[in-house]
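Notes to accompany the following structure.
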Amino acid sequence: MELPLVVGIDGSEGSFTALDWAVAEAVRRGAHLHLVYASLWEAYEAPPAIPAPPPPGRELAERILAAAGERVRARTQDVKFTASVLTADTVPALLRESEGASLLVLGHRGRGSMPGLLLGTTVLAVAARARCPVVVVRGGQPQVRGRHGRVVVGIGDTKGSAQAAVFAFEEAEVRDRRLDAVHAWRCPERALPVHPHTIGGAADPHLRDAQWTLDRAIRGLTAAHPQIQVRQTVLEGRARDALLAEGATADLLVVGARPRPAGNGQGMLLGEVSHAVVHHAPCPVVVVPDRET
């Protein structure tokens, strides 16, 4: 049985937009949805050892999950779903859920006025440490509803890009979309803005190296998925700028996770490129972990 798509729900507009995206993805994959609401309110509100009705915090959580369930049923009868209220801090709870999920789907911002709910910092922390790909649903309706017809994957020089490429090819196949594989390069002797160079016949040795890196990274996947239309593009400039520009007309932007120590004993942080796209991409973003780390 395929692992479920887990959706973080906190009642915000962003989390319900993420739910809509997850419902469509579950239909494409024939997958099960699991909706979760995580908060530590009971540690402060529940009366010790006295039987009583659920505290207001739990009542709110249950109402929000009930509304989420109605939203799923209004969109499709073909997706099965379950829902859980988790009495736990949001980040650890979502990380535990990621261990048994095929995807973890989050809105890019949550209800920031309430403690323990999905915030921008929570999304970053989860994306850096999750054990499954994390989808951060961003962008306008054309991007969220997949109307551009293309999936973009960023290919870097590290092995972390391999897992991202595998995910991107699978997603392009299930969506029947074109796949654009993008690799950014920079010449150490000059600093130029992003400039596209289409694959083929480059005289610049730095450009030839970039083309070779990209082709090598996806050659096997291209052969394994002959039905997918693949375009290879190398862009001179910063990777974050190249990917943000490509995301403007993409249904999905896929990047590999390259976590680095936070330096203060607080765990891991996303690398520069994945951090930038999670914060600023104009379309839904998938951060794919390197499962060998």
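Throughout, numbering of the chain's residues begins at 1 and tracks the sequence.
- At least one donor-acceptor pair under 3.5 Å links the side chain of Arg177 to the backbone N or O of Gly146.
- In this structure, Gln227 contributes its side chain and Glu173 its backbone to no donor-acceptor pair below 3.5 Å.
- Using the six-membered ring where Trp is involved, His225 and Phe169 have ring planes that are tilted, between 30° and 60° apart.
- Looking at Asp215 and Thr213, their side chains never come closer than 4.5 Å, going by heavy atoms from C-beta outward.
- Residues Arg29 and Glu170 form no side-chain contact, since every pair of their non-hydrogen atoms from C-beta on lies 4.5 Å or further apart.
- Of all the heavy atoms in Gly256 and Ala164, the pair that sits closest is N-CB, 3.6 Å.
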task = Show your reasoning for whether side-chain hydrogen bond (donor to acceptor under 3.5 Å, both in side chains) applies to Thr82 and His34.
result = CA-CA 5 Å; Thr82 53; His34 184 53; 2.7 Å; yes
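- Looking only at distances, a side-chain donor or acceptor of Ser161 sits under 3.5 Å from a matching main-chain atom of Gly156.
- Looking at Leu5 and Ser102, their side chains come closer than 4.5 Å, going by heavy atoms from C-beta outward.
- Scanning both residues, Leu214 and Ala181, for their nearest heavy atoms gives CD2-O, 3.6 Å.
- Among all heavy-atom pairs drawn from Arg138 and Val144, the shortest one is O-CG2, 3.4 Å.
- The nearest pair of heavy atoms linking Ser274 to Val255 is CB-CG2, 4.0 Å.
- Contact record, Val137 with Ala18: CG2-CA, 3.7 Å, taken as the closest heavy-atom pair.
- Residues Leu94 and Leu106 are in side-chain contact: their nearest non-hydrogen atoms beyond the backbone lie under 4.5 Å apart.
- Not one N or O on the side chain of Ser84 forms a donor-acceptor pair closer than 3.5 Å with the backbone of Leu86.
- Considering only heavy atoms from C-beta on, Val36 comes within 4.5 Å of Val6 through its side chain.
- Between Glu70 and Arg73, none of the side-chain N atoms (NZ, or NE/NH1/NH2) sits under 4.0 Å from a carboxylate O, so this pair counts as no salt bridge.
- The environment of Asp209 atom CG is dense: over 12 non-hydrogen atoms of other residues, nucleotides or ligands sit within 6.0 angstrom.
- The side-chain heavy atoms of Arg131 and Leu95, taken from C-beta on, include no pair separated by under 4.5 Å.
- Residues His148 and Pro142 approach most closely at NE2-CB, 3.9 Å, considering heavy atoms.
- Listed for the His275 side chain is no donor-acceptor partner under 3.5 Å among the backbone atoms of Leu270.
- For Arg216 (side chain) and Gln211 (main-chain N/O), no donor-acceptor pair under 3.5 Å exists by modelled atom type.
- In this structure, Asp251 contributes its side chain and Arg147 its backbone to a donor-acceptor pair below 3.5 Å.
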task = Carefully, step by step, assess Ile9 and Leu65 under the rule side-chain contact (heavy atoms from CB on, under 4.5 Å).
result = CA-CA 7 Å; Ile9 302 292; Leu65 285 180; 4.1 Å; yes
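- Arg175 contributes no side-chain N or O that, together with a main-chain N or O of Gly149, makes up a donor-acceptor pair within less than 3.5 Å.
- Using modelled atom types, no side-chain atom of Thr233 and backbone atom of Val182 make a donor-acceptor pair closer than 3.5 Å.
- At a threshold of 4.5 Å between non-hydrogen side-chain atoms, the residues Gln232 and Asp180 do not count as touching.
- Taking a cutoff of 4.0 Å between a charged side-chain nitrogen and a carboxylate oxygen, Arg71 and Asp20 qualify as a salt bridge.
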